[in-house]
Amino acid sequence: MNNLTINQSRLWDSLTEMAKIGATEKGGCCRLALTDIDKQGRDLFIEWCIEAGCSIHIDKMGNIFARREGFEHVSAIGTGSHLDTQPTGGKFDGIYGCLAGLEVIRSLNEQNITTRRPIEVSVWTNEEGSRFAPAMVSSGVYSGKFDLEYAHQQVDSDGISIAEALHAIGYMGDEEVGQRDLHKFFELHIEQGPVLEQEHKQVGIVTGVLGMRWYDVTFTGTAAHAGPTPMSYRKDALYAATQVFNELYQIAEREEANGARCTVGELAIIKGSRNVIPGDVTFTLDLRHAELAGLSDLEAQAKQVINNVAECTGVEIQMDNIWDSPPLAFNADCVNAVNYAVENSGLTYQRLVSGAGHDAVNIASVVPTSMIFIPSIGGISHNEAEYSSPDQVGDGCQILFDVILNEANK
């Protein structure tokens, strides 16, 4: 077991201090991407990294790279995550991975350890997708999945583009996106689900990520007076949508053991009124599965259900696929590097597949990558009540430290 350790108290204090920026009344955080509040968090992170002796590099998507040099000019070991949150997010989602990376560097400095390879801690812009869609857009540009021009043109609900927001907070960097020379990348994150806690495991060794497909769906019926229109004569868009939800959830429940997930996260009645039959309803549909064939089958079943309901209820449909991320298996060498560190630590662990998307999914297409999870109390995330204990936070950071130290000296 490695007797070189991180400073758990300092890491917890850093998390607590960062959580003050955008703090909500219920103990969470609201730091939407590229807002003035996000700028405050970014500025503090950079201040801390400079104090730790890092050089700072910012690219044209506002991605931040804090670099600790090694004693050889070779490719770096990367780590990091994101600082932006959901509107009612928690203190740990993403932020933990960034500050744990900083703590690794601080601890190496304190113990006078110079590594062969440089170490870089990254902050990826707009991971959450709460202000700008799609989610993970900046790591997507980094990995070549999105064009820079496309990303810069994405707008928020007020019509402000990513490019405009980057300029507004002073984070439109000069560096071309995708130019960092990374050898391997390791992202530390809270699980955001209940598995590790339910199984009484201290660490998750993440072997891959579920495939995901997102849709915007519109049902168009006929708005009519709620009183004079008998039930049998209606073309009720909301009634049709609820029939779809019920069937799709049942399909996902039957396939749950294989990683199937179905979620309707947003639902809106357009120009709804108390005594008007809903004529236009929009909703989002999030489908996930551990296998590509399973995801495609889930998609096919969803389309069939929607078409059948539309035919039976007389509504018209429009279904637009806005995001497609196939199932991912992380690099075997990187997964084994995490496995080695965890087994030597004496911590209990479980190998698992992430149900959530992360920047590591995009980075994995251009750099060998894997992830480390710690438990989320109650499985809660994207919620102000999100919590992991100081010991859990310390355990995960210690594994990250051991992995990076091992890999940076190879």
Side-chain angles (χ1 to χ4, degrees), residues 6-52 56 58 62-64 66 80-103 106 121-132 135-136 138 156-158 160 162 165-166 168-171 187-193 197 265 356 358-359 373-394 396-397:
I6 56 97
N7 186 326
Q8 177 179 306
S9 295
R10 178 172 56 203
L11 173 58
W12 188 259
D13 289 344
S14 296
L15 284 163
T16 301
E17 190 67 24
M18 184 64 76
K20 294 177 182 177
I21 300 174
T24 62
E25 291 184 2
K26 294 182 179 180
C29 285
C30 179
R31 279 194 307 273
L32 299 184
L34 305 182
T35 58
D36 289 338
I37 296 295
D38 185 31
K39 171 180 167 54
Q40 292 178 36
R42 288 162 167 264
D43 290 350
L44 180 59
F45 176 78
I46 288 176
E47 177 185 332
W48 285 340
C49 290
I50 291 174
E51 289 174 355
I56 304 298
I58 302 173
N63 297 317
I64 302 168
S81 194
H82 61 96
L83 293 177
D84 65 311
T85 73
Q86 293 286 330
T88 51
K91 302 175 183 177
F92 302 90
D93 177 3
I95 299 91
Y96 171 48
C98 298
L99 297 185
L102 172 59
E103 177 55 37
R106 286 170 165 172
V121 184
S122 55
V123 174
W124 304 101
T125 300
N126 191 61
E127 190 272 353
E128 292 290 0
S130 299
R131 183 181 179 192
F132 300 100
M136 306 184 298
S138 295
D156 66 8
S157 59
D158 295 320
I160 299 171
I162 285 180
L166 284 167
I169 68 167
Y171 273 87
E187 182 171 1
L188 174 61
H189 210 280
I190 59 172
E191 182 193 353
Q192 302 183 279
E197 183 181 56
H358 301 279
D359 288 309
F373 279 172
I374 62 168
S376 297
I377 302 301
I380 295 173
S381 185
H382 285 190
N383 185 311
E384 292 158 293
E386 176 184 278
Y387 187 77
S388 296
S389 72
D391 285 345
Q392 290 169 332
V393 163
C397 188

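Positions are given from 1, in the same order as the sequence printed here. Side chains included, hydrogens not; waters and symmetry mates left out as well; all remaining heavy atoms used.
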**Message:** To check you understand the geometry: which heavy-atom pair defines the closest contact between Pro375 and Ser388, and what is its length?
**Reply:** O-OG, 2.7 Å
**Message:** In the structure I gave you, are the side-chain heavy atoms of Ile64 and Ile46 within less than 4.5 Å of one another anywhere?
**Reply:** yes
**Message:** Any donor-acceptor pair under 3.5 Å linking the side-chain atoms of Ser14 with those of Trp12?
**Reply:** no
**Asked** Any idea which heavy atoms bring Ala100 and Leu188 closest together, and the distance?
**Response** CB-CD2, 3.5 Å
**Message:** Distance check, rounded to the nearest 0.5 Å: Tyr387 atom OH versus Ser381 atom OG?
**Reply:** 15.0 Å
**Asked** Should Ile56 and Cys49 count as side-chain neighbours, where that means a heavy-atom distance under 4.5 Å?
**Response** yes
**Complete:** Between the CD atom in Glu187 and the OG atom in Ser81, the distance rounded to the nearest 0.5 Å is 3.5 Å
**Request:** Answer yes or no: is there a donor N or O on one side and an acceptor on the other, between the side chain of Thr125 and the main chain of Ser138, under 3.5 Å?
**Result:** no
**Prompt:** Centres of the His358 and Phe373 rings: under 6.0 Å?
**Reply:** yes
**Asked** Could you go step by step and tell me if Gln392 and Ile377 meet the side chain to side chain contact (heavy atoms under 4.5 Å, CB included) rule?
**Response** CA-CA 10 Å; Gln392 290 169 332; Ile377 302 301; 3.6 Å; yes
**Request:** Taking only Lys NZ, Arg NE, NH1 and NH2, and the carboxylate oxygens of Asp or Glu, determine whether Asp38 and Arg31 approach each other closer than 4.0 Å.
**Result:** no
**Asked** Heavy-atom distance under 4.5 Å between the side chains of Leu32 and Asp84, does that happen here?
**Response** no
**Separation between CZ of Phe45 and CG of Leu102, rounded to the nearest 0.5 Å** = 6.0 Å
**Item:** Student check: side-chain heavy atoms of Leu34 and Asn126 closer than 4.5 Å
**Value:** no
**Prompt:** For the residue pair Gly90 and Ile95, what are the closest heavy atoms and their distance?
**Reply:** O-CD1, 4.3 Å
**Asked** Do side-chain atoms of Tyr96 reach the backbone of Val393 as a donor and acceptor pair under 3.5 angstrom?
**Response** yes
**Request:** State whether the side chain of Gln86 and the backbone N or O of Cys30 hold a donor-acceptor pair below 3.5 Å, judged by distance alone.
**Result:** no
**Request:** Could you tell me whether Asp36 atom CG has more than 12 heavy atoms of other residues or ligands within 6.0 Å of it?
**Result:** no
**Prompt:** At what distance, to the nearest 0.5 angstrom, does CZ of Phe92 lie from CD of Gln192?
**Reply:** 12.5 Å
**Message:** For a side chain to side chain contact (heavy atoms under 4.5 Å, CB included) check, start with the C-alpha distance between Asp93 and Thr85, then their side-chain angles and the critical distance, and finish with the verdict.
**Reply:** CA-CA 7 Å; Asp93 177 3; Thr85 73; over 6 Å; no
**Prompt:** So, His82 and Asp359: side-chain donor and acceptor under 3.5 Å apart, yes or no?
**Reply:** no
**Asked** Between atom NZ of Lys20 and atom CD of Gln40, what is the distance when rounded to the nearest 0.5 Å?
**Response** 13.0 Å
**Prompt:** Are side-chain heavy atoms of Met18 and Trp48 found at a separation under 4.5 Å?
**Reply:** yes
**Message:** With a 4.5 Å cut-off on side-chain heavy atoms, are Leu11 and Arg106 touching?
**Reply:** no
**Message:** Just by distance, no angles: are the side chains of Thr88 and Glu384 close enough, under 3.5 Å, to form a donor-acceptor pair?
**Reply:** no
**Message:** Is a donor from one side chain sitting under 3.5 angstrom from an acceptor on the other, for Tyr171 and Asp43?
**Reply:** yes
**Request:** Go through the side-chain N and O atoms of Glu191 and Ser376 and say whether any donor and acceptor fall under 3.5 Å apart.
**Result:** no
**Message:** For Glu103 and Asn7, which I'm curious about, is there any donor-acceptor pair between the side chains at under 3.5 Å?
**Reply:** no
**Asked** If you round to the nearest 0.5 Å, how far is NZ of Lys91 from CD1 of Ile190?
**Response** 12.5 Å
